[in-house]
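Notes to accompany the following structure.
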Number of protein chains: 2
Amino acid sequence: MAQDDVYPVSLACGDCPIQHRAVCARCDSEELVELEKIKYYRSFEAGQTVIWAGDQMDFVASVVSGIATLTQTLEDGRTQMVGLLLPSDFVGRPGRARAAYNVTATTDILMCCFRKKPFEEMMDRTPHIAQRLLQMTLDELDAAREWMLLLGRKTAREKIASLLSIVARRDASVNMSTAAARMTFDLPLTREAMADYLGLTLETVSRQMSALKRDGVIELQGKRHVTVPDMDRLLLEAGDDSDGGFLV
Amino acid sequence: MAQDDVYPVSLACGDCPIQHRAVCARCDSEELVELEKIKYYRSFEAGQTVIWAGDQMDFVASVVSGIATLTQTLEDGRTQMVGLLLPSDFVGRPGRARAAYNVTATTDILMCCFRKKPFEEMMDRTPHIAQRLLQMTLDELDAAREWMLLLGRKTAREKIASLLSIVARRDASVNMSTAAARMTFDLPLTREAMADYLGLTLETVSRQMSALKRDGVIELQGKRHVTVPDMDRLLLEAGDDSDGGFLV
DNA sequence: GAAAGGGCTTGATCTGAGTCAAATTCTGTT
DNA sequence: AACAGAATTTGACTCAGATCAAGCCCTTTC
């Protein structure tokens with residue numbers, strides 16, 4: 001994906017069919033053109049820390065390609081992942097200066113950045129941007145709260161099933177397919193990262209993955225490729241009554 | 001508190017010394033006057049459900065007095081509190097129609113409401129409101145993420161200590177006192193509500209409260225009045241390295 | 001002031017997930 | 001193809017917190 005083909009569309013538009021990806025030709029609005037003028041790119045390798053908690057943040061950014069994680073840490077090293085940054089997701093905030101969590105690249109990533117000052121000035125001129133940013137933040141807040149339910153009240157098995165169904169759903173929306181009964185996807189996380197996300201240990205994650213496999217809920221090809229023979233069964237295991245609505 | 005004395009200041013202003021309370025005379029700005037024109041009030045008794053998950057939301061609102069909780073529930077009844085609504089806190093969102101969680105009054109509450117349509121029109125005219133709302137939402141997101149760390153990685157004792165220090169801090173900011181070493185405050189939650197907030201059972205909450213009392217970290221007068229002889233000790237028990245920054 | 005009921009505490013026991021340790025599979029490299 | 005190192009799985013054991021079950025302490029009510 002060449003840099004110059006990329007637009008940070010999620011900031012300008014919430015209605016694109018491929019809204020969770022970075023490129024959308026339909027979005028060539030005025031705001032987008034303005035955003036284009038003040039953007040610049042930074043790339044990071046897998047494993048690199050993009051932002052340290054406590055860092056002075058003089059920019060905001062949106063992920064163009066790759067995956068990064070938001071994590072919080074206790075002094076003694078216990079860590080909890082608090083968010084996943086996927087292409088088109090936004091990080092940083094206007095105003096206040098210090099980062100509240102670490103952002104680490106899981107794969108090689110490319111980020112589309114805006115220095116804070118011009119970005120804020122632009123927000124003042126085009127209310128649409130602030131409103132879109134508000135929408136996105138509210139969605140993230142809903143997702144965070146759904147995650148709180150998972151962390152506080154679900155069993156290890158339910159947690160794993162929930163995570164798998166979220167990754168599957170995201171994958172489905174990328175592929176634009178309707179939610180098929182049977183589907184296959186890649187797990188972009190190590191067992192350790194899954195554990196940090198779910199508030200478990202990696203051993204427990206591994207055991208529950210094996211259990212789900214033994215019970216026929218999932219099939220594994222290698223460690224990272226997952227096939228779900230029956231999506232409804234997986235959702236049942238996840239314990240969500242609603243039809244989902246997780247956002248990742 | 002007479003209704004007519006009340007302004008939903010948090011929407012108009014983020015800089016008031018009493019920003020987490022509802023009344024601020026300094027805030028008589030133009031936006032505030034506009035907000036005044038479209039507001040109306042609703043009150044609820046303790047125990048009443050203000051909003052059901054899935055409800056059509058045709059209004060947004062800000063708490064004037066009293067306390068309400070946001071909760072999410074699994075089919076089988078397991079519940080997780082995902083937020084606390086205190087005076088000046090905001091609930092609801094422009095755009096999208098359905099509520100994602102239950103809102104229940106803990107005490108009698110008074111809410112300052114705005115029908116969605118006029119509120120959105122106003123947001124279009126005064127970008128300041130959208131930006132302020134964005135700030136508030138980002139603060140809530142940070143708080144939610146800090147809570148995820150608590151739910152995923154802290155021990156029962158640390159969870160209790162964290163909750164106490166949050167309530168204490170909020171109380172301190174209300175009383176405008178500097179963080180004193182020794183302080184006394186009211187716990188506005190039952191043991192069961194604390195359990196739902198912390199992802200524990202009420203028995204465990206009770207046991208840990210007793211343990212903290214036995215160890216001299218807190219003193220209890222009755223069930224709801226807490227004295228913390230040494231705030232630093234409590235913060236140490238909470239396991240947070242940082243100087244806090246929780247928002248409730 | 002007796003009874004009733006809700007909130008809270010305490011005890012005994014159980015269990016799901018953590019811990020520690022070892023074996024296994026996968027990956028890339030020479 | 002053999003090796004090295006990391007990621008993952010599996011096993012044995014432990015323990016923090018859940019569950020089940022009384023009992024206690026306040027209010028409220030008659």
Side-chain angles (χ1 to χ4, degrees), chain A residues 45-47 69 74 76-80 104 106-108 150-164 186-215 218-226 237 239, chain B residues 45-47 67 69 74 76-80 104 106-107 150-164 186-215 218-226 237 239:
Chain A
E45 288 173 21
T69 61
L74 254 22
D76 59 9
R78 281 176 283 176
T79 82
Q80 174 66 50
T104 312
T106 297
T107 62
D108 292 352
L150 176 145
L151 290 171
R153 296 299 185 194
K154 287 191 178 177
T155 64
R157 176 183 259 244
E158 288 169 337
K159 286 178 176 183
I160 300 284
S162 298
L163 179 59
L164 291 176
D186 271 23
L187 215 42
L189 303 167
T190 64
R191 296 287 184 265
E192 188 179 20
M194 291 173 70
D196 282 343
Y197 210 163
L198 300 170
L200 298 169
T201 59
L202 79 172
E203 291 97 329
T204 299
V205 170
S206 181
R207 268 185 255 275
Q208 295 299 334
M209 290 287 286
S210 302
L212 288 174
K213 182 182 171 186
R214 173 168 36 72
D215 298 346
I218 60 174
E219 293 157 20
L220 291 174
Q221 294 83 42
K223 271 122 214 252
R224 299 294 188 82
H225 299 268
V226 181
E237 293 279 356
Chain B
E45 289 174 19
I67 296 176
T69 61
L74 254 22
D76 59 8
R78 283 175 283 175
T79 83
Q80 173 67 48
T104 313
T106 297
T107 62
L150 176 145
L151 289 171
R153 295 301 185 194
K154 286 191 179 179
T155 64
R157 176 182 259 244
E158 288 168 338
K159 285 179 176 181
I160 300 284
S162 298
L163 180 58
L164 292 176
D186 270 22
L187 215 42
L189 303 167
T190 65
R191 297 287 184 264
E192 187 179 19
M194 290 173 71
D196 282 344
Y197 210 164
L198 299 170
L200 298 170
T201 59
L202 80 173
E203 293 96 330
T204 299
V205 170
S206 182
R207 269 185 253 276
Q208 294 298 335
M209 289 288 285
S210 301
L212 288 174
K213 183 181 171 188
R214 173 168 36 72
D215 298 346
I218 60 173
E219 293 158 20
L220 291 173
Q221 294 85 42
K223 273 118 214 259
R224 300 294 188 82
H225 299 269
V226 181
E237 292 280 355

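Naming convention: chains lettered A, B, ... in sequence-line order (proteins, then strands); numbering from 1 in each chain.
In this structure, A:Arg153 and B:Arg78 approach most closely via the heavy-atom pair O-NH1, 2.8 Å. Scanning all heavy atoms of the two residues, the minimum distance from A:Ala156 to A:Gln208 falls at CB-CG, 3.9 Å.
Residue B:Leu200 places its side chain closer to D:dA18 than to any other of C:dA17, D:dA18, D:dT19. In the set C:dG18, D:dT10, C:dC8, the nucleotide with an atom closest to the side chain of A:Ser206 is D:dT10.
Within the 4.5 Å cutoff, side-chain heavy atoms of B:Met209 are placed close to those of B:Leu187. Using a 4.5 Å cut-off on side-chain heavy atoms (C-beta onward), B:Leu202 and B:Met194 make no contact. Proximity of A:Thr79 to A:Leu74: side-chain heavy atoms (C-beta onward) are nowhere separated by under 4.5 Å.
Atoms CE (A:Met209) and C1' (C:dT25) sit 15 Å apart, rounded to a whole Å. If you take CD1 of A:Ile160 and P of C:dA17, they are 10 Å apart, rounded to a whole angstrom. The distance from atom CG of A:Leu212 to atom P of D:dT10 is 13 Å, rounded to the nearest whole Å. The distance between atom CG of B:Asp196 and atom P of D:dA18, rounded to the nearest whole Å, is 12 Å. Here D:dT9 presents its P atom at 13 Å from CZ of A:Arg214, a figure rounded to the nearest Å. The distance between atom NE2 of A:His225 and atom C1' of D:dT8, rounded to the nearest whole Å, is 15 Å. Between the P atom of C:dT9 and the CG atom of B:Leu220 lies a distance of 7 Å, rounded to the nearest Å. When rounded to the nearest whole Å, the span between CG of A:Asp76 and P of C:dT19 equals 11 Å.
Looking at B:Gln80, its side chain does come within 3.5 Å of a backbone N or O of B:Asp196 through a donor-acceptor pair.
Within the nucleic acid shown, A:Ser210 comes within 4.0 Å of sugar-phosphate atoms alone, with no base atom in reach, counting heavy atoms only. Looking at heavy-atom distances under 4.0 Å, B:Arg157 makes no contact with the nucleic acid at all. No contact: B:Leu202 has no heavy atom under 4.0 Å from any strand.
Both B:Glu203 and B:Gln208 lie close to DNA chain D; mapped to their nearest nucleotides by heavy-atom distance, the more 5′-ward contact belongs to B:Gln208. Residues A:Lys223 and A:Arg153 both approach DNA chain D. Their nearest nucleotides, taken by heavy-atom distance, put A:Lys223 toward the 5′ side.
Shown for residues 187-195 of chain B: residues whose heavy atoms fall under 4.0 angstrom of DNA chain C, namely B:Thr190, B:Arg191.
A distance of 7.0 Å separates CG in B:Leu164 from CG in B:Leu212, rounded to the nearest 0.5 Å.
Look at B:Arg207 and you won't find any side-chain N or O under 4.0 angstrom from OP1 or OP2 of D:dA18. Taking 4.0 angstrom as the limit, B:Thr201 places none of its side-chain polar atoms (N or O) nearer than this to OP1 or OP2 of D:dG17.
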